[in-house]
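Below is a structure I'd like to ask you about.
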Amino acid sequence: MKVLGIETSCDDTGIAIYDTERGLLADVLFSQIDTHIPYGGVVPELASRDHSGKLIPLVRSVFAKADLPLGDINGIAYTAGPGLGGALLVGAAFAKTLGYAWNIPTLAIHHLEGHLLSPMLEDNAPTFPFLSLVVSGGHTLMVNVEDLGKYTLLGTTIDDAAGEAFDKVAKLLSLPYPGGPALAALAKTGTPNRFSFPRPMLKKPGLDFSFSGLKTAVLTQWNHCLQTETDKADIAHAFQEAVVDTLVSKCQKAIDETQHCRLVVAGGVGANERLREKLQSLDVEVFFPCIRFCTDNGAMIAYAGAQRLSNQQDTSLAIHTYPRWPLNR
Ligand code: KG4
Ligand code: ZN
């Protein structure tokens, strides 16, 4: 069974074809970074327009890459939320139209389900059940994953998401958008232990996260420095250590509470090298998607759609998008 995946929830247009028998056949991605760089962040209206201009050429190119005739698939999966309202609508309307024209079912996929299943695309894929940490630009979730579609939220952020904190601190340090990867690269050059920032929420009960206080601590420290390039790198280093330590400690706590022996880490911040390295210290098997599938992509949506196609087929023409959509619906 072959499924076309369409991801347009934010600033990446991701298209892929997943085959339940042969695996991922092809994936293509158009990143809108150049469009948004002048504004220092994603401009929603520009994101929607960019998606609508790129969808048709990308769909053509993914079929060519997969060596399939156009339309030779069994279903279309699209990200229905959460995400930017306009960007989601562009992808959803496009998917519905294609599904109608090709007379095949369309499936509304939860973006975070796509992320948390993304390590399934790897050769060394986890089996259910597992604990999942989803750390993206918009979300920080600790999820108990029993099976496909059986998700219990164990913890979430009460303010900024982990990726959002990376992006905001990067902006504060005048690093270019997108901030997370730029800050992580700079952190590598920083001197360890010159600064130390708090590890938020570790002493509080529960598995929730909070990153906005950390951002304020960085701002205060930055304002007390001469603001040289060395200060910048040292602050970046200390900030990354604080976020990584917090995420790793929360994972340990969740493992203790749930007794899971498999941990899946996904979402954009899952690409962070230091986080990947430090998670290896945990006494569980840790699974990640490859770096390019940590951030938004069509492959994870195609995969989730292929898993769901047999039991969730929406052939109606109604277009549903959910800019805010809880994972454990
Ligand atoms: O999953 P994603 O592509 O989009 C959302 O669903 O939000 O995640 C993007 C987030 C951004 O905040 C970006 O700064 C962060 O992931 N990110 C990183 C790294 N690569 C991407 N954060 C820290 N270190 C990285 N290497
Ligand atoms: Zn995402």
Side-chain angles (χ1 to χ4, degrees), residues 5-14 27 29-33 36-37 40-42 44 47 78-84 87-88 91 109-119 132-141 143 156-157 160-173 175-188 190 209 211-212 214-215 236-237 239-248 264-279 288-301 303-304 322-325 327:
I6 298 179
E7 158 61 37
T8 63
S9 68
C10 190
D11 57 347
D12 291 303
T13 320
D27 80 284
L29 184 91
F30 176 77
S31 161
Q32 301 180 350
I33 286 179
H36 303 293
I37 276 183
V42 181
Y78 63 95
T79 302
L84 301 173
L88 291 169
I109 298 297
H110 196 294
H111 181 75
L112 298 175
E113 178 176 51
H115 274 305
L116 75 80
L117 296 179
S118 60
S132 179
L133 173 71
V134 182
V135 267
S136 71
H139 298 86
T140 306
L141 307 179
V143 188
T156 185
T157 180
D160 292 351
E164 188 179 359
F166 264 93
D167 295 338
K168 285 181 175 170
V169 167
K171 204 165 190 181
L172 194 152
L173 299 177
L175 299 177
Y177 160 88
L183 195 143
L186 183 64
K188 278 192 191 166
F209 303 86
F211 292 107
S212 89
L214 184 53
K215 181 188 62 194
H237 186 281
F239 167 78
Q240 179 174 262
E241 288 302 299
V243 175
V244 167
D245 276 355
T246 305
L247 293 174
V248 174
V264 158
V265 179
V269 183
N272 186 276
E273 274 179 46
R274 184 67 174 144
L275 176 65
R276 286 176 170 243
E277 183 187 319
K278 280 210 150 183
L279 282 167
F288 304 96
C290 62
I291 298 288
R292 72 194 176 100
F293 292 158
C294 282
T295 44
D296 293 347
N297 63 86
M300 66 185 194
I301 303 303
Y303 177 84
Y322 312 96
R324 288 169 179 268
W325 189 9
L327 179 63

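Remember, it's 1-based here, ligands and their atoms both numbered in the order they're listed.
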Item checked: Geometric class of the His115/His111 ring pair [parallel <30°, tilted 30-60°, perpendicular >60°] ->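 Geometry flag for His115 against His111: perpendicular rings.
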Note to self: How about NZ on Lys278, more than 12 heavy atoms from neighbouring residues, nucleotides or ligands closer than 6.0 Å, or not?
What the structure shows: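 Check passes, neighbour count above 12.
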Checklist line | Residues that Ala271 engages under side-chain contact (heavy atoms from CB on, under 4.5 Å), provided they are two or more places apart | finding: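 Ala271: side-chain contact (heavy atoms from CB on, under 4.5 Å) contacts with Ile291, Cys294.
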Checklist line | salt bridge (charged side-chain N to carboxylate O under 4.0 Å, His left out) partners for Asp12, two or more places apart | finding: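 Counting only residues at least two positions away or on another chain, Asp12 forms no salt bridge (charged side-chain N to carboxylate O under 4.0 Å, His left out).
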Notebook entry, point to check: What protein N/O/S atoms lie closer than 2.8 Å to the Zn ion (ligand 2)?
Noted result: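 Within the sphere that stays under 2.8 Å of the Zn ion (ligand 2), the protein atoms of type N, O or S are His111 NE2, His115 NE2, Asp296 OD1.
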Notebook entry, point to check: Do Phe211 and Phe166 have their ring centres less than 6.0 Å from each other?
Noted result: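 No.
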Checklist line | Flag for Asn297-Tyr303: side-chain donor and acceptor within less than 3.5 Å | finding: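 Per modelled atom types, Tyr303 and Asn297 side chains form no pair under 3.5 Å.
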Next item on the list: Please work out whether the ring planes of Tyr177 and His36 are parallel, tilted or perpendicular, with thresholds of 30° and 60°.
Entry: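 Ring orientation, 0 to 90° scale: perpendicular.
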Identify all pairs of nitrogen or oxygen atoms, one from ligand 1 and one from the protein, separated by less than 3.5 Å, and list them with distances.
from	atom 1	to	atom 2	distance (Å)
ligand 1	1 (O)	His115	NE2	3.1
ligand 1	1 (O)	Gly268	N	3.1
ligand 1	1 (O)	Asp296	OD1	3.3
ligand 1	3 (O)	Asp296	N	3.0
ligand 1	3 (O)	Asp296	OD1	3.3
ligand 1	4 (O)	Asp296	OD1	3.3
ligand 1	4 (O)	Asp296	OD2	3.3
ligand 1	6 (O)	His111	NE2	3.1
ligand 1	6 (O)	Asp296	OD1	3.3
ligand 1	7 (O)	Gly137	N	2.8
ligand 1	7 (O)	Gly138	N	3.2
ligand 1	8 (O)	Gly137	N	3.4
ligand 1	12 (O)	Gly163	O	3.1
ligand 1	12 (O)	Asp167	OD1	3.4
ligand 1	12 (O)	Asp167	OD2	2.7
ligand 1	14 (O)	Asp167	OD1	2.5
ligand 1	14 (O)	Gly180	N	3.1
ligand 1	20 (N)	Gly268	O	3.4
ligand 1	24 (N)	Asn272	ND2	3.0

Check: Of the non-hydrogen atoms in Asp296 and Leu29, which two are nearest, and what is the gap between them?
Finding: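 Here Asp296 and Leu29 meet closest at O-CD1, 3.4 Å.
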Margin query: Can you tell me if Glu277 has over 12 outside heavy atoms packed within less than 6.0 Å of its CD?
Written below: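 Buried by this count: over 12 neighbours within 6.0 Å.
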